[in-house]
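Written below as structure tokens is the structure these notes are about.
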Amino acid sequence: MLDLTGKNALVTGIANNRSIAWGIAQQLHKAGANLGITYLPDEKGKMEKKVAELVEPLQPSLFLPLNVQDEAQVQSTFKTVGDKWGKLDILIHCLAFASRDDLTGDFSGTSRAGFTTALDISAYSLIQMAGAAKSLMTDGGSIVTLTYLGGVKVIPNYNVMGIAKAALEMNVRYLASELGPNNIRVNAISAGPIRTLASSAVGGILDMIHHVEAVAPLRRTVTQTEVGNTAAFLCSDLSSGITGQVVYVDAGYEIMGMSGAKADA
Ligand code: 0WE
């Protein structure tokens, strides 16, 4: 049985009710986990209010600001987790950002600043948070991050985010190797395209979704709930032998080649 009772789970990356992190938080809650939620603070406190209202039904016992580009805030978040919970069991990393200018146009035009920002927020942040979580995961633990096929294959316009996801997937393997002796497992979920705040800001996302609906083995896209269920599995003892992996939750899209062609045409 999938049971997360008695487990403390810190979930990052909830922006609204379409966030994949929101789908994950709901499934962890359903499995009985005690939740801590982080939000990206802004000047007017709008995000804090919005996320607080959204997660209220899940009764999180911690609700903390977290901007991974602010090292002091990362340290204080994990200090609070240690002080309030004593131990951490589950860390959900759902953070990514690239400048819009770098998600369109020529990849060879990627600026040094854009590259640095994308890799810092989307890939380095996993190292940073795993490093802070390590000493709190005294009973073992599970770290789950979100990646995308664009880190392995060229997807139009994904550009510098593809490089960030390639780095993130390699971070998963190096972290899994280091933390394995502490019984801390580290895995990634490679989700198929889903309409979210992050993806709908991207031109052509609807065409990509229609393409997946046409060629993926399951002939559809995946839902936040399906990603959430896989995350719950990866955080539970049911997956105790799995670490360092990238699990595709993409309706099977990743296995296909010749994706435009029809066999019987
Ligand atoms: O990883 C992502 C989204 C990443 C993302 C999206 C944005 C939009 C708004 C990172 N940074 C930003 N910055 C912004 O200013 N996905 C897997 C969704 C996604 O993004 C794409 C996709 C898909 C799919 C970008 C280009 C092409 C496909």
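All heavy atoms count here, side chains included; hydrogens, waters and symmetry mates do not. We count ligands from 1, going down the list as the structure has it; atoms in each ligand are counted the same way.
- Side-chain contact check for Ser108 and Asp106: no donor-acceptor pair (N or O, by modelled atom type) lies under 3.5 Å.
- Aromatic rings of Tyr248 and Tyr253 (six-membered ring for Trp) have centroids beyond the 6.0 Å cut-off, not under it.
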Inventory of protein N or O atoms under 3.5 Å from ligand 1 N or O:
residue	atom	partner	partner atom	Å
ligand 1	1 (O)	Tyr158	OH	2.7
ligand 1	11 (N)	Ala98	N	2.9
ligand 1	11 (N)	Ala98	O	3.3
ligand 1	13 (N)	Ala98	O	2.7

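- Side-chain atoms of Ser125 and His93 include a donor-acceptor pair closer than 3.5 Å.
- Hydrophobic cluster membership for Phe107: Phe115, Leu119, Val160, Ile163 (Ile, Leu, Val, Met, Phe, Trp, Tyr linked by side-chain heavy atoms under 4.5 Å, directly or transitively).
- The side-chain hydrogen bond (donor to acceptor under 3.5 Å, both in side chains) test applied to Thr104 returns no partner, not counting sequence neighbours.
- Within the structure, salt bridge (Lys or Arg N to Asp or Glu O under 4.0 Å) contacts touching residues 84-97 (residues at least two apart or in different chains) are Lys87-Asp89, Lys87-Asp139.
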